[in-house]
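Report on the structure given below.
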Amino acid sequence: MVDWSPIAKVYDPLKAGSIDGTDVEPHDRAVWRAMCARYKPNKGVVGDPLLTLFVSRLNPQTTDEKLHQVFSKYGDIQRLRLVRDIVTGFSKGYAFIEYKEERSVVRARRDANRLVVDQHEVFVDFEQERTLKGWVPRRLGGGLGGKKESGQLRFGGRDRPFRKPINIGAGLVQERVGGGRREWDRPGERDRESRDRNREPAWGGRGRRDDLDRSRDRDDRRRGDRSRYRDRR
C-alpha cells in the first residue's frame, strides 16, 4: 500500500472503526450509524480552524481561567471555549482554543499533549470538525480515539493511529485456474492438501497394503503345512 498513512487524511467511518483501516463491513452499530449520518459542521462556530486546538479529557472541575493560564504560555490566545452542557452548565470535559499565530498552535500541540491539568492528563490535537473532510462526531458514531471500555474505538488519529496492514500471509488468497476464477481460499489450505497427499505411500493406498499383508500370511501358512508333512514322512 504505497499511499498508506497512520493518520487519516479523509474521514471514513468504516476505516476509522478498523485498527488498520481495511474493514469492508461495519463491525458495530455505531459505525453503521456514522456511515448513514449526514453531518455538516456547525456554521455558528467562529474563528480560524487552522489555528484552533481541540483539548479533551479535562477534569470536570477545570475552569476557563485555568485553561487560559495553562495554554497561554505557548502563545497569545485569540479565543477559548470550554464546552458545557446546555441544561446543567457543567463542563463536558473538552474545549477549543484558538491562537493568534500558527507557531503557537504547533508548539501547544507538541508540548501540551499529555500534560497534567488538575490531576487529569489532557489530550491535545488539531480541530477536526472543519479541517478533516467527511468528519462525523462521536455522538453520531464517529470521532477518533476513545477508550477500550467504551467499546467504540476509532482509529486514524493522533491518539490511535492506524496500524500498518500485513499484506503477505494475511487475508484471503485468490487463485486462477484455466483462465477462470477459483473460490477464495484461506492461506494454508493448499499446504494442508499437499501434506495429506505426501502422507500417502507411493505404492498405493491402505487397501492395497492390506491385500499384500493377507497374501503374505497365506504364503507363510502354506510353507508351514509343507514342512509338517515332510516331518511326518
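Heavy-atom basis, side chains included; hydrogens, waters and symmetry copies ignored.
Taking both residues in full, the closest heavy atoms of Gly44 and Asn42 are given as N-OD1, 2.9 Å, listed atom of the first, atom of the second, then distance.
A donor-acceptor contact shorter than 3.5 Å is absent between the side chain of Arg158 and the backbone of Phe126. A donor-acceptor pair is defined here as one N or O able to donate and one able to accept, closer than 3.5 Å; no such pair exists between the side chain of Gln128 and the backbone of Trp135.
Look at Asp125 and Arg109 and you find a salt bridge, because one of the NZ, NE, NH1 or NH2 atoms lies within 4.0 Å of a carboxylate O, short of that distance. The pair Asp159-Arg57 counts as a salt bridge, with a side-chain nitrogen and a carboxylate oxygen less than 4.0 angstrom apart. Under the 4.0 Å criterion applied to side-chain N and carboxylate O atoms, Asp64 and Arg84 are assigned as salt-bridge partners.
When side chains are defined from C-beta on, Arg154 counts as touching Val31, because their heavy atoms get closer than 4.5 Å.
When the side-chain contact (heavy atoms from CB on, under 4.5 Å) test is applied to Val46, the partners found at least two apart in sequence or on another chain are Arg79. Every side-chain contact (heavy atoms from CB on, under 4.5 Å) that Thr62 has, sequence neighbours left out, goes to Asn59, Lys66, Leu67, Val117, Asp118.
Other residues sharing the hydrophobic cluster of Val24, ordered by chain and number and joined by side-chain separations under 4.5 Å: none, the residue standing alone.
Under the 4.5 Å side-chain heavy-atom criterion for ILVMFWY residues, no single connected hydrophobic cluster contains both Leu132 and Phe155. In the hydrophobic cluster analysis, where Ile, Leu, Val, Met, Phe, Trp and Tyr join through side-chain heavy atoms closer than 4.5 angstrom, Leu51 is grouped together with Ile97. No continuous path of hydrophobic side-chain contacts links Tyr11 to Phe54 [ILVMFWY only; heavy atoms under 4.5 Å].
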